Amino acid sequence: MNEKIEVDIKVPNQTRYLGLIGKIGEDIARTLKKYQGDREELAYHLNLVLTEAMANAICHANEGDPDKEVHVSISFADRVLNIKVYDQGQGFDVNSLPNPDFQNLEEHGRGIYIIRTLMDRVTYEKHAHGNVLEMQKTLN
Amino acid sequence: MNEKIEVDIKVPNQTRYLGLIGKIGEDIARTLKKYQGDREELAYHLNLVLTEAMANAICHANEGDPDKEVHVSISFADRVLNIKVYDQGQGFDVNSLPNPDFQNLEEHGRGIYIIRTLMDRVTYEKHAHGNVLEMQKTLN
Amino acid sequence: MMLNIEEKGAVVLIEVKEERLDAHNSGELKSQMLSLFEEGKKDIVVALHEVRFVDSSGLGALVSGFKNASARNGNLKLCGLQSQVKSMFELTRLHRVFEIFPDTDEALASF
Amino acid sequence: MMLNIEEKGAVVLIEVKEERLDAHNSGELKSQMLSLFEEGKKDIVVALHEVRFVDSSGLGALVSGFKNASARNGNLKLCGLQSQVKSMFELTRLHRVFEIFPDTDEALASF
Ligand SMILES: Nc1ncnc2c1ncn2[C@@H]1O[C@H](COP(=O)(O)OP(=O)(O)O)[C@@H](O)[C@H]1O
Ligand SMILES: Nc1ncnc2c1ncn2[C@@H]1O[C@H](COP(=O)(O)OP(=O)(O)O)[C@@H](O)[C@H]1O
């Protein structure tokens with residue numbers, strides 16, 4: 001039988017809610033049926049990619065405006081996990097981002113690298129009133 | 001500023017997912033700004049009313065059919081928490097349910113009583129393809 | 001469901017090794033107790049130290065065990081209730097029905 | 001953000017008393033370290049025993065502290081990393097940058 005889960009979340013555009021979104025990701029990881037891998041590792045990874053993507057939406061796109069809203073959708077079907085994080089900003093070119101410079105110590109620039117490393121497929125595209133970062137991973 | 005949170009969840013019609021829905025309720029309780037009461041008590045109560053309402057939808061309405069779906073929506077705005085649990089069953093009259101019989105020990109019949117005791121307002125109404133149990137509580 | 005079931009003389013100790021006792025697993029606790037009764041046991045202690053959350057169907061399983069034990073002139077007693085779990089018994093007035101002990105040893109010694 | 005800051009001789013011990021070190025609170029850790037550097041401190045141990053989760057901005061705050069300490073001929077060392085937190089340092093190759101100790105005492109003694 002096909003396990004289908006959908007969770008759709010809207011919260012104020014504030015870093016205070018990063019923990020809530022991350023925890024929901026962890027809860028989903030711990031609930032999935034028949035996951036063969038290390039569940040606690042998966043829980044950390046989902047928490048992390050959700051936190052990174054949402055922090056980017058808050059800090060780079062919605063620019064900290066606390067009256068804006070962040071919309072995150074998490075769905076699981078046919079063993080594919082799909083996470084979408086919507087922002088209301090100007091957008092950026094995710095494909096032209098360089099990898100972090102591992103020689104020179106930078107404070108920033110590890111978020112998208114982490115997401116790319118942990119997920120199978122990452123896209124960032126225009127959407128109705130902004131953009132959507134979409135991340136997919138097959139979980140067996 | 002008005003704190004607005006919306007979480008919309010769809011999971012298979014199986015008791016396995018009660019814990020996920022309950023945990024999301026707890027996570028929300030622990031995140032809300034400026035709640036004056038005991039947060040861990042609130043977390044338990046939200047976990048509980050979500051678990052009770054969803055278990056009813058699974059066991060009494062959707063009759064354990066694992067291919068059906070349960071839909072739960074949790075929203076918070078203007079300090080009012082609103083939880084809706086949708087089922088695809090025949091419905092029942094929530095207002096004609098008696099309180100549990102505290103003298104004779106029954107195994108069943110405490111779910112709606114618990115929900116009524118913990119929430120300010122409880123309704124159960126027809127909805128598109130079934131019914132919706134709606135529970136509200138003001139959180140100050 | 002994770003249960004530790006152990007005979008302590010004539011009393012059976014059931015330790016519930018789950019965070020949640022809810023509609024997902026309470027049926028299993030109930031049927032485990034039923035088979036103990038069928039084997040002729042009548043005195044049970046259910047230890048809930050690890051249980052952080054109980055719903056009405058978890059309470060229902062315990063009520064079922066209590067009624068079956070009583071019908072056999074036995075008893076079902078509880079121990080190790082976390083404070084929020086204890087509140088559930090108060091909310092449903094079941095704290096007047098069950099004998100509740102802090103520790104397993106006290107519960108076992110009370111028979 | 002809950003931080004315990006304590007002088008241990010010339011070294012400052014910062015214990016992070018949070019479950020998460022993320023974009024919500026990492027700015028505060030960074031600015032606390034900046035004020036220590038401004039006071040003339042240059043050697044810091046950050047104890048992460050209670051931290052279950054770190055994101056890239058938490059790492060960024062630690063990198064900021066490390067760079068500031070190095071610029072003053074001091075050092076910033078870490079201790080008490082839970083295994084998943086440690087994996088974050090490996091993923092971003094920062095385990096080659098920081099000196100990481102199991103315990104606070106070892107980290108303090110290493111200066
Ligand atoms: N949602 C977004 N909207 C606009 N720009 C973004 C968004 N997400 C990422 N970026 C851009 O990509 C850069 C790299 O992001 P990231 O790898 O997460 O590192 P960091 O956030 O630490 O800078 C950011 O500095 C920003 O310029
Ligand atoms: N969603 C529902 N659809 C149909 N009937 C319901 C639903 N929820 C509750 N009921 C009815 O109300 C009764 C009381 O429910 P409740 O107080 O939760 O106790 P219990 O579920 O233990 O019987 C149930 O036995 C059932 O007949």
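The figures here come from the full heavy-atom set of this structure, side chains too, leaving out hydrogens, waters and symmetry mates. Worth saying up front: this structure is predicted, and the values here are computed from it rather than measured. Letters go in sequence order (proteins before strands), and every chain restarts at 1.
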Who in residues 101-111 of chain D is close to chain A, using a strict under-4.5 Å heavy-atom cut-off?
-> none
Residue A:R39 excluded, over 12 heavy atoms near CZ under 6.0 Å | yes
Can you pull out the residues in residues 86-96 of chain D with any heavy atom less than 4.5 Å from chain A?
-> D:M88, D:L91, D:T92, D:R93, D:L94
Taking the side chain as C-beta and beyond, is there a heavy-atom pair between A:R110 and D:V63 under 4.5 Å?
-> yes
Electrostatic pair A:E26-D:R52, nearest N-O below 4.0 angstrom | yes
Worked verdict on A:Y44 versus D:V54 for side-chain contact (heavy atoms from CB on, under 4.5 Å) = CA-CA 9 Å; A:Y44 195 106; D:V54 178; 4.0 Å; yes
What do you reckon, is CE of D:M2 surrounded by more than 12 foreign heavy atoms closer than 6.0 Å?
-> no
Assess whether atom NZ of D:K8 is packed by more than 12 heavy atoms of other residues, nucleotides or ligands within 6.0 Å.
-> no
Within residues 12-26 of chain D, residues adjacent to chain A where the heavy-atom gap is under 4.5 Å = D:E19, D:R20, D:D22, D:A23, D:H24
Are any side-chain N or O atoms of A:E52 and backbone N or O atoms of D:S56, one a donor and one an acceptor, separated by less than 3.5 Å?
-> yes
Give a yes or no answer on whether the side chain of A:E107 reaches the backbone of D:L62 with a donor-acceptor pair at less than 3.5 Å.
-> no
Pairwise distance CZ(D:F66) to CG(A:L105) - rounded to 0.5 angstrom = 6.5 Å
Flag the one option from A:T51, A:I58, A:L18, A:N47 with the top tally of heavy-atom pairs under 4.5 Å to chain D.
-> A:N47
Is it the backbone or the side chain of A:Y113 that comes under 4.5 Å from a heavy atom of chain D, or both, or neither?
-> side chain
Residues in residues 28-43 of chain D that sit under 4.5 Å from chain A, counting heavy atoms only = D:K30
